[in-house]
K.L.:
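Supplied in structure tokens, the structure appears directly below.
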Amino acid sequence: MSYESAKKTYTLYGVDTDAVIEKLSAVPVALHCWQGDDVTGFDHDGPLTGGIQTTGNYLGKARTPEELMSDMEKVMSLCPGAKKINVHACYAIFGKDGFVDRDKIEPRHFKPWVDFAKKHGLGLDFNPTFFSHPKVKNGLTLSSPDEETRKFWIEHGKACIRISNYFAEETGIPCVMNIWIGDGYKDIPSDRMGPRLRYKDSIEKILSEPYDFNKVKPCVESKLFGIGVESYTVGSAEFTLSFAATHKDKCLPLMDNGHYHPTEVVSDKIPALLCYFPEIALHITRPVRWDSDHAVLFDDETKEMAKEIVRNDALDRVFMALDYFDASINRIAAWCVGFRSWQKALLYAMLSPNAKLKALQDENKLSELIVRQEEVKTLPFGEVWNEYCRKNGAPTDSELTAKIEEYEKTVLIKRV
Ligand code: RNT
Ligand code: ZN
């Protein structure tokens with residue numbers, strides 16, 4: 001079946017595939033730099049901490065800013081759709097002046113990232129790095145009972161607001177800045193509220209750094225548990241959502257779909273939050289049994305999340321970022337499969353006759369609804385996806401493997 005005949009089929013459902021392709025091509029999704037080097041960064045030699053873990057040892061990990069940026073360029077050329085670049089503070093690039101600790105980082109340490117973003121005409125998102133650092137004391141940062149530790153990390157957060165502001169000013173595109181800490185306890189705590197009150201106070205101090213909320217969008221990300229932090233997480237769902245709700249003029253809630261109990265679904269939480277928040281943010285990932293951060297697939301829950309954004313007309317209210325890291329397969333493949341899967345989910349949602357299905361629900365025609373929902377699943381989506389790839393100058397799925405293998409043979413394999 002060709003694109004033209006697929007287009008005709010969708011017309012019968014009241015869907016204009018050309019218009020959908022054009023619209024989706026302009027919706028930015030943030031590509032995370034940390035898939036390329038297993039969340040290592042350039043400012044430390046120590047291990048990845050904070051209760052997160054990358055598993056696997058596939059060849060070709062990026063070791064320098066040049067390698068990482070060249071890999072990201074490759075990925076961007078292999079993925080259709082508009083992008084933003086998502087950078088963590090540990091990816092500071094220290095020139096001749098040398099190392100600066102996280103409480104003292106400045107915009108100039110991220111100039112190469114700004115140059116990189118400008119070269120591709122893209123926006124930049126940012127993240128303070130509250131892990132993989134000797135000043136994480138007993139697993140705690142912003143919630144630590146030790147004042148000096150808290151102060152160090154508050155200063156880091158403030159420095160990151162200034163850098164986010166620099167990103168927004170330089171690119172002309174708002175910068176989403178996500179606050180996530182791994183603070184918590186492996187075993188049952190004797191005080192659950194104290195750390196949360198300290199965390200609350202610390203975020204408030206970070207957000208006291210001046211910024212224009214139209215340009216810098218701080219977010220707070222919740223979590224359920226981490227490795228070695230199984231019994232208690234300071235930044236739990238209730239804590240984080242309540243913080244965002246009571247600081248609505250200063251920050252947004254961020255939901256990572258790996259950070260909930262296994263039968264909870266973020267797809268159902270998206271419309272709930274959209275009732276109250278003008279804007280929300282997402283980390284799109286794939287948890288397998290735990291917060292494993294496998295590459296995103298075009299699976300049912302991913303589709304359902306995209307549907308909630310699209311059919312609530314919220315593409316401009318939801319900041320979408322990918323967040324996963326897999327070192328067990330070619331990292332470029334992991335990056336591409338995840339980015340492309342989310343693009344597929346958005347395209348799939350936009351090609352659905354959403355208004356008609358919604359009307360069936362409101363008319364209580366629930367038998368017809370279930371039949372129609374199943375009917376829509378076998379529409380010729382693949383042809384429209386291929387056309388979307390072609391229009392965006394990206395390979396189709398069947399062309400992808402050869403491109404990744406070529407890059408592995410000519411570039412990645414030399415990194416030994
Ligand atoms: C960890 C959080 C957090 C990190 C990134 C690297 O569980 O999801 O967002 O993955 O900041
Ligand atoms: Zn996340």
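Every number for a ligand or one of its atoms is a count from 1 in the order of the listing.
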K.L.:
With atoms numbered from 1 as shown, which atoms in ligand 1 lie under 4.0 angstrom from a non-hydrogen atom of Phe325?
P.N.:
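Those qualifying, in numeric order: 10 (O).
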K.L.:
For atom 4 (C) of ligand 1, what is the nearest protein heavy atom, given as residue, atom name and distance?
P.N.:
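Result for atom 4 (C) of ligand 1: Asp323 OD2, 3.6 Å.
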K.L.:
By atom name, which N, O or S atom belonging to Asp256 lies closest to the Zn ion (ligand 2)?
P.N.:
OD2
K.L.:
Taking heavy atoms and a distance under 4.0 Å, where does Asp291 meet ligand 1: side chain, backbone, both or neither?
P.N.:
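Within the 4.0 Å criterion, Asp291 contacts ligand 1 through side-chain atoms alone.
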K.L.:
Any non-hydrogen atom of Tyr324 lying under 4.0 Å from ligand 1?
P.N.:
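The answer is no: ligand 1 sits nowhere under 4.0 Å from a heavy atom of Tyr324.
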K.L.:
Has the side chain of Trp335 got a donor or acceptor atom that lies under 3.5 Å from a matching backbone atom of Leu31?
P.N.:
no
K.L.:
Can you give the angle Glu221 OE2 - the Zn ion (ligand 2) - Asp323 OD2, rounded to 10°?
P.N.:
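About 170° at the Zn ion (ligand 2).
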K.L.:
Can Asn386 and Thr396 be counted as having a side-chain donor-acceptor contact under 3.5 angstrom?
P.N.:
no
K.L.:
Please determine whether His283 has a backbone or side-chain N, O or S atom lying under 2.8 Å from the Zn ion (ligand 2).
P.N.:
yes
K.L.:
Can you find a side-chain donor-acceptor pair between Asn86 and Asn127 that sits under 3.5 Å?
P.N.:
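On atom types as modelled, these side chains qualify, holding a pair under 3.5 Å.
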K.L.:
For His283, counting its heavy atoms only, list the atoms of ligand 1 lying under 4.0 Å from any of them.
P.N.:
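Selected atoms, number and element: 9 (O).
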K.L.:
Output the list of atoms in ligand 1 that are nearer than 4.0 Å to some heavy atom of Ile52, sorted by atom number.
P.N.:
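With Ile52 as reference, the close atoms of ligand 1 come out as 1 (C), 7 (O).
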K.L.:
Say whether, by atom type as modelled, one donor and one acceptor occur between the side chain of Ser267 and the main chain of Met305 under 3.5 angstrom.
P.N.:
no
K.L.:
Please determine whether the number of non-hydrogen atoms from other residues, nucleotides or ligands lying under 6.0 Å from atom NZ of Lys111 exceeds 12.
P.N.:
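Incorrect, the count does not exceed 12.
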K.L.:
State whether a side-chain donor-acceptor pair under 3.5 Å links Glu383 with Tyr10.
P.N.:
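Per modelled atom types, Glu383 and Tyr10 side chains form no pair under 3.5 Å.
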K.L.:
Would you find a donor on one side and an acceptor on the other, under 3.5 Å apart, between the side chain of Arg286 and the backbone of Thr302?
P.N.:
no
K.L.:
Among all protein non-hydrogen atoms, which one is nearest to atom 9 (O) of ligand 1, and what is the separation to 0.1 Å?
P.N.:
Glu221 OE1, 2.7 Å
K.L.:
Ligand 1 and Asp256, any nitrogen or oxygen pair closer than 3.5 angstrom?
P.N.:
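It does: an N or O of Asp256 is found under 3.5 Å from an N or O of ligand 1.
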K.L.:
Among Lys223, His88, His259, which one puts a heavy atom closest to atom 2 (C) of ligand 1?
P.N.:
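Checking each option, the heavy atom nearest atom 2 (C) of ligand 1 is found in His259.
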K.L.:
Look at the side chain of Asp212 and the backbone N and O of Asn214, then say whether any donor-acceptor pair between them is shorter than 3.5 Å.
P.N.:
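Confirmed, Asp212 side chain pairs with Asn214 backbone.
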